[in-house]
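Everything quoted here is computed from the prediction, not taken from an experiment. Both counts, for ligands and for their atoms, begin at 1 and track the order of listing.
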Amino acid sequence: MSEQAPLSRLFIIGPMGSGKSTVGRHLADLLGYGFIDSDAEIETRAGADIPWIFDVEGEEGFRRRETAVLEDLARRSQAVIATGGGAILAPANRDLMARSGVVVFLNVSVAQQLKRTGSGEGRPLLQQGDREETLTKLMAEREPLYRELADVMISGAGGNARRVARHIQSQLTERGLLFSDSE
Ligand code: S3P
């Protein structure tokens, strides 16, 4: 790990409501990097919000857009990229992230997700059926993929976002994935 080039691109993965965007923004700030939210980028490019994309193009259409955006974002340097909860589903996306950056998994409990996602507004996958059941099912399907892809896993990321970001920074430094300021 210590021979690795200085980190220049970081992907944050994890389920809905794990705080990827909030923590990602703080982390970018700490590192002096840019921050990009892939969901926001998808919306900007589509000129429509995610519920609209799901309505009109289905989840399949959304996933196509997600892959295209990730391919572009993976070319940015000095960037912290927050991904959507399902970005790890496509093997092509996983390959891309593994090849082009360091991957941080924010692992939170379903109880924390429930609290943070509120009524599920803006998240089409939470609009049908019981939200707790849906989140539990998605977590069971996806957690092995998050774990497999992650270089660093941070558990219980429900706390203060700035503190979580500092914790990630120190984990990355400890593992030789990030050069500290003094180096
Ligand atoms: C999704 C998560 C959402 C968004 C879309 C699908 C998912 O992002 O990409 O609604 O499949 O888990 P967040 O994880 O930022 O909520």
Side-chain angles (χ1 to χ4, degrees), residues 10-28 34-74 79-97 101 103-150 152-159 161 164-165 168:
L10 207 140
F11 294 96
I12 307 200
I13 62 170
M16 290 181 264
S18 55
K20 299 179 294 278
S21 301
T22 322
V23 169
R25 264 194 200 93
H26 283 288
L27 186 58
F35 172 77
I36 313 140
D37 179 317
S38 77
D39 282 340
E41 190 68 23
I42 292 166
E43 290 182 325
T44 303
R45 291 189 191 191
D49 64 14
I50 290 175
W52 185 94
I53 299 170
F54 268 73
D55 263 2
V56 175
E57 302 179 356
E59 180 169 350
E60 213 185 299
F62 173 77
R63 298 296 172 205
R64 266 198 301 274
R65 289 179 181 275
E66 185 170 52
T67 295
V69 161
L70 285 173
E71 278 169 3
D72 286 351
L73 297 184
V80 173
I81 301 156
T83 63
I88 44 74
L89 291 173
N93 295 352
R94 297 202 296 277
D95 283 355
L96 180 76
M97 289 191 260
V103 181
V104 177
F105 168 28
L106 291 189
N107 192 9
V108 293
S109 65
V110 168
Q112 281 169 320
Q113 285 185 264
L114 266 175
K115 247 190 254 160
R116 286 162 157 258
T117 52
S119 64
E121 203 194 325
R123 289 180 165 109
L125 296 180
L126 298 183
Q127 294 310 310
Q128 277 159 18
D130 180 75
R131 291 190 304 110
E132 184 169 2
E133 255 172 44
T134 305
L135 289 171
T136 305
K137 182 174 159 276
L138 290 176
M139 188 63 116
E141 289 165 5
R142 296 172 175 185
E143 195 182 356
L145 299 175
Y146 292 132
R147 283 179 183 270
E148 195 194 318
L149 184 60
V152 175
M153 181 180 86
I154 305 291
S155 291
V164 174
I168 295 172

Which bit of Q113 is near ligand 1, meaning a heavy atom under 4.0 Å away: side chain, backbone, both or neither?
neither

Numbered in order shown, the ligand 1 atoms found under 4.0 Å of a heavy atom of D39 are 3 (C), 4 (C), 8 (O), 9 (O), 13 (P), 15 (O)

With a 4.5 Å limit on heavy-atom distance, are the side chains of I88 and T83 in contact?
no

Check against salt bridge (Lys or Arg N to Asp or Glu O under 4.0 Å), E66 and R63
CA-CA 5 Å; E66 185 170 52; R63 298 296 172 205; 2.9 Å; yes

contact_flag R116 ligand 1 heavy-atom lt 4.0 Å:
no

Tell me, do Q113 and E132 make a side-chain contact under 4.5 Å, heavy atoms counted?
no

Can you tell whether the side chains of R64 and E57 come within less than 4.0 Å, N to carboxylate O?
no

Less than 4.5 Å apart, any side-chain heavy atom of F62 and any of I50?
yes

Check each atom of ligand 1 against the heavy atoms of R123 and keep those under 4.0 Å away; list them by number with element.
16 (O)

The closest protein heavy-atom partner of atom 11 (O) of ligand 1 is R63 NH2, 2.6 Å

Give the atoms of ligand 1, by number and element, whose distance to some non-hydrogen atom of P124 is under 4.0 Å.
10 (O)

Under 4.0 Å to a heavy atom of G84 - the qualifying atoms of ligand 1, by number
8 (O), 9 (O), 14 (O)

Could a heavy atom of R142 be found less than 4.0 Å from some atom of ligand 1?
yes

Looking at A87, G122, P51, G85, the heavy atom closest to atom 2 (C) of ligand 1 belongs to G85

Nearest candidate to atom 1 (C) of ligand 1, where distance is taken over non-hydrogen atoms, out of G120, G86, A40:
G86

Partner of T136 under side-chain contact (heavy atoms from CB on, under 4.5 Å), chosen from L114, V110, D130:
V110

Is it true that K137 and E133 have a side-chain N and a carboxylate O under 4.0 angstrom from each other?
no

side-chain contact (heavy atoms from CB on, under 4.5 Å), paired with M16, selected from L138, V108, T134
L138

Looking only at distance, does K20 have an N or O less than 3.5 Å from an N or O of ligand 1?
yes

Give the atom numbers and elements of ligand 1 that come within less than 4.0 Å of a heavy atom of L125.
7 (C), 11 (O)

